[in-house]
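What's counted below: heavy atoms across the whole structure, side chains too, no hydrogens, waters or symmetry copies. Note that ligands are numbered from 1 as they come in the structure, with each ligand's atoms numbered from 1 the same way.
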Amino acid sequence: MNDKSTSVLLISQDEKIHADFSKALSEDTYTLSAEYNTLVGLNGNRTKVAAYHDIVLFDLDQNNPESLQAAREMNAARASGSILIALADEDLPLSKARELNRAGVDDVLPRHALDDEIIPQIEVWRARQSAQIPAVWAGQASEGKVIAIAQARGGVGSSTLAVNLADVLQRRRGLFSKKATCKVALVDLDFQFGSIAALVDVEETDALWRMAMEGTVPDTAFVEQALTVSESGLSVLTAPSRFGPLNALKSEQVGAILDILKKSHDYVVVDLPGALVDWIEPVLSRADKVLLMTDITVPSVRSARKLIDFYLAEHPGLEIELVASHEKKPIMYSSHHRAATELLENQINFWIPNDPKATREAMDRGRPLARIAPRSSIAKAIRRIGHEITTTLPPRIAFPQ
Ligand SMILES: Nc1ncnc2c1ncn2[C@@H]1O[C@H](COP(=O)(O)OP(=O)(O)OP(=O)(O)O)[C@@H](O)[C@H]1O
Ligand SMILES: [Mg+2]
């Protein structure tokens, strides 16, 4: 993160929104300015205030026909590289959102989704800006980040997490969440039993199988051809449609695939197999984060502990975060939670509640939870993980806006 404070201007007559914003935005990171007015009501001051802020948010007065012209003037006067966001009712018609877009508004967000939509969007913007500084020093910000999803036991919910986290990391913008702002690849390395293709409703290909059998190291053209784009916009590399031996896949092949995908995507989400095979090494050596999913039962927690030790023995710097499945975050730890964290010698970073109905429906329809059940507890929990990742591991700077 860069040290510069991000300057945010909020234009609204609603005192509660002002109060909520000042609570939600950390003073260490943001300087919040308030205008208790409407965009139209600011008149000549509009263009004066526009130029001095990194992010300008305004509460849309839907019934005032002058709002659109006011947005146009705001857009013309704002600082270069700044972002202009309208806050609107959730049922704003698509035609109105489009008009605002055409007037230069970057995003139209639902006014009441402060925690779920507005703050995460502000933080993504800040992360993107900040990423430009290390890009010059380290030359790394033009490559995507690799997030590996591992499981302490079969069936714990790791593929569900991989698919929905990948979806969240696309950071779709706007009221209708149509336009992805990050490019995300989803790689199913569960070579024999992969289920990602079904979860995102694409056809399995035999590309990985052919590559494994022929022993070739893939190039960019091969990887591009092997990818299938899902309805939600993910670039998916499916597990093979044919059965092949686990050891047919080689470390150089897996490493090459990830290196190629990192160049063209902001995030590469890898669903790891349950088996410990040689070729997970190139994933671990490239992983910016491993999410290890476990349930809080003794056998799973023991396996999770063994996996952590195994991963860290080879990759001492690896960042591993624990995700507890089928449980919402307890208000107070019970004795089995305490026993688990002691055995793990690690905190549990995230909790994914049990939500069979939403999960089942999303799975049956091959659609992300964010579409099928955006308000479900599981969708919210996965959004939280996505939010943490986009903040700590910002997207590339090279991706065109
Ligand atoms: N939070 C949840 N609440 C309820 N059911 C869930 C949840 N997460 C996953 N499931 C269900 O559990 C089953 C297994 O999920 P999933 O395929 O994601 O697990 P996995 O760990 O990838 O399994 P595998 O070891 O077979 O790869 C699926 O039927 C899925 O719908
Ligand atoms: Mg799986």
Under 6.0 Å between ring centres: does that hold for F243 and F193? yes
Run through all N or O atoms in ligand 1 and write down each protein N or O closer than 3.5 Å, as a pair with its distance.
| unit_1 | atom_1 | unit_2 | atom_2 | d |
| --- | --- | --- | --- | --- |
| ligand 1 | 1 (N) | P353 | O | 2.9 |
| ligand 1 | 3 (N) | N354 | OD1 | 3.2 |
| ligand 1 | 3 (N) | D355 | N | 2.8 |
| ligand 1 | 18 (O) | S159 | N | 3.4 |
| ligand 1 | 18 (O) | T160 | N | 2.8 |
| ligand 1 | 18 (O) | T160 | OG1 | 2.5 |
| ligand 1 | 19 (O) | G157 | N | 3.0 |
| ligand 1 | 21 (O) | Q151 | NE2 | 2.9 |
| ligand 1 | 21 (O) | G155 | N | 3.4 |
| ligand 1 | 21 (O) | V156 | N | 3.0 |
| ligand 1 | 21 (O) | G157 | N | 2.9 |
| ligand 1 | 21 (O) | S158 | N | 2.9 |
| ligand 1 | 21 (O) | S158 | OG | 3.0 |
| ligand 1 | 22 (O) | S158 | OG | 3.3 |
| ligand 1 | 22 (O) | S159 | N | 2.9 |
| ligand 1 | 22 (O) | S159 | OG | 2.8 |
| ligand 1 | 23 (O) | G155 | N | 3.0 |
| ligand 1 | 25 (O) | Q151 | NE2 | 3.0 |
| ligand 1 | 25 (O) | G155 | N | 2.8 |

Are D20 and K16 close enough, and set up right, to give a salt bridge (Lys or Arg N to Asp or Glu O under 4.0 Å), and what steps lead you there? CA-CA 6 Å; D20 290 347; K16 179 159 184 314; 2.8 Å; yes
With a 6.0 Å cut-off on the ring centroids, do W351 and H326 count as close? no
Is it the case that atom CD in Q13 sees more than 12 heavy atoms from other parts of the structure closer than 6.0 Å? yes
Return yes when atom CZ of R210 has more than 12 non-hydrogen atoms of other residues, nucleotides or ligands closer than 6.0 Å, and no otherwise. yes
Identify which protein N/O/S atoms are less than 2.8 Å from the Mg ion (ligand 2). S159 OG
Salt bridge (Lys or Arg N to Asp or Glu O under 4.0 Å) for E90 and R375? Distances and angles first, verdict last. CA-CA 14 Å; E90 241 166 278; R375 287 169 200 276; 2.6 Å; yes
With a cut-off of 3.5 Å and sequence neighbours excluded, list every side-chain donor-acceptor pair involving residues 212-220.
| unit_1 | atom_1 | unit_2 | atom_2 | d |
| --- | --- | --- | --- | --- |
| D219 | OD1 | A221 | N | 3.4 |
| D219 | OD1 | F222 | N | 2.9 |

From the list V168, V200, L369, side-chain contact (heavy atoms from CB on, under 4.5 Å) with V163 holds only for V200
With sequence neighbours excluded, what pairs up with H18 under the ring-ring contact (aromatic ring centres under 6.0 Å, His included) test? Y36
